[in-house]
Amino acid sequence: MDGTKDKKYMIKTWGCQMNVHDSEKIAGVVSSLGYRSVEAEEQADLIIFNTCCVREHAELKVYGNLGRLKKLKAERPDLIIAVCGCMTQQREVAEHIAKRYPFVDIVFGTNKIHRLAELIANVKPSGSTIVDIHEDQEGKVIEGIPADRGDSIKAWVAVMHGCDNYCSYCIVPYVRGREKSRKKDQIINELIQLGQEGYKEVTLLGQNVNSYGKDLEGEENFARLLREANRVQGIERIRFMTSHPKDLSQELIYAVRDCHKVCRHIHLPIQSGSNSILKCMNRKYTREQYLELAYRIKAEIPDISLTTDIIVGFPGETEEDFRQTMDIVSRVRFDSAFTFLYSKRRGTPAASMENHVPDHIKHERLKRLLDLTQEITAENNSVLKDKIVEVLVEGVSKTHADRLTGRTSTNKIVHFNSHTHLIGKLAKVKITDPQSWSLYGEEIHESSEN
Ligand code: 5AD
Ligand code: SF4
């Protein structure tokens with residue numbers, strides 16, 4: 001590559017917030033090498049695909065996109081192509097990419113971001129694919145990777161990595177490894193710095209944040225971490241995800257209740273409402289325990305918003321099992337639900353279970369579930385009509401230049417007309433038109449509030 005010309009990179013990210021945050025770290029590393037970000041693949045000297053493998057659909061999209069790069073690489077042999085993330089953490093996938101897409105220069109694992117500069121330096125034009133996915137034996141969290149954050153108001157902060165739960169359908173524990181918590185001081189120092197840099201909201205990330213600290217010496221746990229985060233100056237809102245119902249302690253409920261910066265929102269994946277399916281999923285709770293927990297949370301924090309993930313068509317799911325899911329959704333009345341068709345993941349216990357549900361039944365159930373969850377979301381939102389909510393303004397609406405967009409503490413999207421000076425600030429908005437996906441409202445000025 002011509003050392004004098006300014007170098008450009010482009011990162012394409014699939015998957016969860018942890019991946020989005022990993023991409024910010026990748027951006028941090030490549031920026032420090034002198035690359036600057038561009039949107040279009042055609043303009044980039046370095047293209048990085050950060051992949052997801054939680055469902056087959058995500059993997060297929062990556063392969064489709066990779067196929068397209070072949071032509072680009074043929075035209076510009078200097079172009080460096082790297083593929084990383086959860087997909088490549090599976091050895092057979094990494095080998096498949098190296099064999100089937102030999103124009104890929106680097107395949108690296110989720111825990112190899114700190115080595116990216118070295119990997120890029122080792123790329124030789126028309127050399128073979130460099131594969132570096134070896135699991136970090138020490139199991140330590142690598143600190144100090146600079147993040148080039150995609151936003152100046154909201155920031156992602158990883159508090160732990162990996163997952164030890166081994167839900168039978170899920171590939172995450174195999175690709176992200178065992179649970180590893182970051183040291184509390186490292187997290188708090190990052191939050192302090194973000195507060196000083198002007199960030200207003202942080203989302204604490206982990207596949208299972210409630211087991212934060214279990215692998216650390218001492219008494220650390222997630223509830224204590226939240227209480228300490230609540231004291232960091234400058235930060236006005238704290239979110240966290242994801243919580244496993246089996247680990248959500250009463251201490252955590254109290255911490256959410258007591259900490260004024262902690263948002264009134266808990267994402268609590270239920271996955272299924274049927275006890276026999278929950279057992280086959282290895283979720284380690286029953287529908288009764290989940291319901292009891294949801295009611296306990298709502299009793300302690302009445303304005304809480306509960307959201308969830310649900311899988312439809314897990315192997316062996318009968319119509320009656322599915323009705324149990326519909327039933328629990330009607331009881332808990334989630335503010336929103338992410339619904340997924342079960343996707344067979346090689347190497348997971350569920351993949352070799354019997355009675356896989358035919359696709360047309362999965363789709364039919366998904367439709368019924370979506371109808372129900374959307375109806376409940378709309379009903380929950382309609383209660384907000386004429387109510388005044390506090391909104392952290394995130395920016396100008398994508399569709400209307402004179403409209404601002406932000407979120408409530410309960411994570412609902414709000415649109416209202418105002419001026420850009422409010423971006424990054426908390427505004428009071430009266431909801432005039434609550435809809436299913438977002439709420440429309442008008443700004444309340446201090447004087448008109450009284
Ligand atoms: N099939 C469908 N959905 C899945 N999820 C995880 N694994 C699978 C799978 N094999 C969903 C779960 C999880 C969310 C992040 O993705 O609902 O909570
Ligand atoms: Fe996957 Fe279950 Fe871990 Fe979530 S808790 S990442 S669904 S194994």
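Quick caveat, the model's predicted, so the values are computed rather than measured. Counting starts at 1 for both ligands and their atoms, in listed order.
- Arg176 does not count as a contact of ligand 2, since none of its heavy atoms falls under 4.0 Å from the ligand.
- Short contacts between ligand 2 and Tyr169, defined as distances under 4.0 Å to a heavy atom of the residue, involve ligand atoms 7 (S).
- Checking side-chain atoms of Arg345 against main-chain N and O of Ala351 turns up no donor-acceptor pair under 3.5 Å.
- Annotation: side chain of Val414 is not in contact with side chain of Thr405 (no heavy-atom distance under 4.5 Å).
- Ligand 1 places these atoms under 4.0 Å from at least one heavy atom of Val54: 6 (C), 7 (N), 8 (C), 9 (C), 10 (N).
- Remark: minimum distance from atom 7 (N) of ligand 1 to any protein heavy atom is reached at Tyr169 CD1, 3.3 Å.
- Side-chain polar atoms of Gln374 and Ser436 form no donor-acceptor pair below 3.5 angstrom.
- Residues Asn355 and Glu317 bring no donor and acceptor atom of their side chains to less than 3.5 Å of each other.
- Counting heavy atoms under 4.0 Å from ligand 1, residue Gln271 touches it through the side chain alone.
- With Phe340 as the aromatic partner, Arg55 meets the cation-pi criteria of under 6.0 angstrom to the ring centre and within 45 degrees of the ring axis.
- Under 4.0 Å from ligand 1, not a single heavy atom of Ile171 appears.
- With ligand atoms numbered from 1 in the order given, ligand 1 contributes 1 (N), 2 (C), 9 (C), 10 (N) to contacts under 4.0 Å with heavy atoms of Ser343.
- Close contacts between ligand 2 and Pro173 involve ligand atoms 8 (S) [criterion: under 4.0 Å to a heavy atom].
- Applying the 4.0 Å criterion to heavy atoms of Arg345 picks out, from ligand 1, the atoms 10 (N).
- A side chain to side chain contact (heavy atoms under 4.5 Å, CB included) with Pro269 holds for exactly one of Ile310, Thr307, Thr242; it is Thr242.
- With hydrogens and angles left out, the side-chain atoms of Arg68 and Asn65 include a donor and acceptor closer than 3.5 Å.
- Residue-ligand proximity, Leu341 to ligand 1, at heavy-atom distances under 4.0 Å covers atoms 1 (N), 2 (C).
- A side-chain donor-acceptor contact under 3.5 Å links Ser409 to the backbone of Arg264.
- For the residue pair Asn221 / Lys214, no side-chain donor-acceptor distance below 3.5 Å is found, with atom types taken as modelled.
- The ligand atoms of ligand 2 that sit less than 4.0 angstrom from a heavy atom of Tyr166 are 8 (S).
- Looking only at protein heavy atoms, the nearest one to atom 5 (N) of ligand 1 is Arg55 NH1, 3.4 Å.
- Counting the atoms of ligand 1 from 1 in the order shown, those under 4.0 Å from a heavy atom of Ile311 are 3 (N), 4 (C), 5 (N), 12 (C), 17 (O).
- Looking at His267, Lys298, His265 one by one, the single match for side chain to side chain contact (heavy atoms under 4.5 Å, CB included) with Ser305 turns out to be His265.
- Listed by atom number, the atoms of ligand 2 under 4.0 Å from Val172 heavy atoms are 6 (S).
- Close approach of ligand 1 to Tyr342 is summarised as follows: ligand atoms under 4.0 Å from at least one heavy atom of the residue are 1 (N), 2 (C).
- Looking at Val396 and Ile423, their side chains come closer than 4.5 Å, going by heavy atoms from C-beta outward.
- Short contacts between ligand 2 and Asn165, defined as distances under 4.0 Å to a heavy atom of the residue, involve ligand atoms 5 (S).
- Within the listing of ligand 2, atoms 5 (S) sit less than 4.0 angstrom from a heavy atom of His244.
- Ligand 2 places these atoms under 4.0 Å from at least one heavy atom of Cys163: 3 (Fe), 5 (S), 6 (S), 8 (S).
- Distance check for Cys167 against atom 1 (Fe) of ligand 2: none of its N/O/S atoms falls below 2.8 Å.
- Of the N and O atoms on the side chains of Asn380 and Thr377, not one donor lies less than 3.5 Å from an acceptor on the other residue.
- Regarding atom 1 (Fe) of ligand 2, its nearest protein heavy-atom neighbour is Cys170 SG, 2.2 Å.
- Residue Phe340 touches ligand 1 through its side chain alone, judged by heavy-atom distances below 4.0 Å.
- Ranking the protein heavy atoms by distance from atom 15 (C) of ligand 1 puts Asp309 OD2, 3.8 Å first.
- Residues Glu56 and Ser343 have side chains that never bring a donor and an acceptor to within less than 3.5 angstrom of each other.
- A side-chain donor from one of Lys412 and Asn381 sits under 3.5 Å from a side-chain acceptor of the other.
- Contacts of Arg345 with ligand 2, taken as heavy-atom pairs under 4.0 Å, are absent altogether.
- Residue Thr242 places every heavy atom at 4.0 Å or more from ligand 1.
- Counting atoms of ligand 2 from 1 in the listed order, those under 4.0 Å from a heavy atom of Gln207 are 6 (S).
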*Does the pair Lys367 and Glu364 meet the rule for a salt bridge (Lys or Arg N to Asp or Glu O under 4.0 Å), with working shown?*
CA-CA 5 Å; Lys367 164 133 195 0; Glu364 181 262 337; over 6 Å; no

